[in-house]
Amino acid sequence: MALVNWLLLVSGLLVAGTGLYLYGTYPFLALPTPWGPWPLYLLLPGAFLLGLGVGGLYALGLAWAGRRERAAALRRVRALEREVAELKKARIEEIPRIPDRDLEA
C-alpha cells in the first residue's frame, strides 16, 4: 500500500508540475470545445482528477461488494454452526459406552 501511495504522490506531483509548466511557458495553448476554448494547463490536471474520482468510486464499489460477500459468508458459517450444534444435541453420546467399565477410564 505504501508503494501505491508513493506512486499516487509522484504522479500527482508530475501532473501538477506539467500543468504549471504549461501555464508558465505556453498559456495560450487551448483545446477547442463546444463551450469555447479550454486551456490545456487546466484540462490536464482536470482529467487526472476525474480519473482519480472514477477510480475512487470503483474502489468504493469493490469494497462495498466485498463487505456484502463477507456478510453473506458469515451468515452461511453461522447457519452451519447452528446446524452442527443441533446435530450435537441430537447425538448426545457419540462414543459407545462399555457397560462394565468406569466412565472416567
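- In this view, Ala79 and Arg82 satisfy the side chain to side chain contact (heavy atoms under 4.5 Å, CB included) rule, not counting sequence neighbours.
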Throw together a table of side-chain donor-acceptor distances under 3.5 angstrom for residues 10-32, partners on residues two or more places apart or in other chains.
| unit_1 | atom_1 | unit_2 | atom_2 | d |
| --- | --- | --- | --- | --- |
| Ser11 | OG | Leu7 | O | 3.0 |
| Ser11 | OG | Leu8 | O | 3.1 |
| Thr18 | OG1 | Leu14 | O | 2.7 |
| Thr25 | OG1 | Tyr21 | O | 2.7 |

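- Under the 4.5 Å side-chain heavy-atom criterion for grouping Ile, Leu, Val, Met, Phe, Trp and Tyr, Trp38 is not connected to Leu50 through any hydrophobic cluster.
- Met1 and Leu9 are not part of a single hydrophobic cluster, where members link through side-chain heavy atoms under 4.5 Å apart.
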Distance-only donor-acceptor hits, side chain of residues 53-71, under 3.5 Å, sequence neighbours excluded:
none

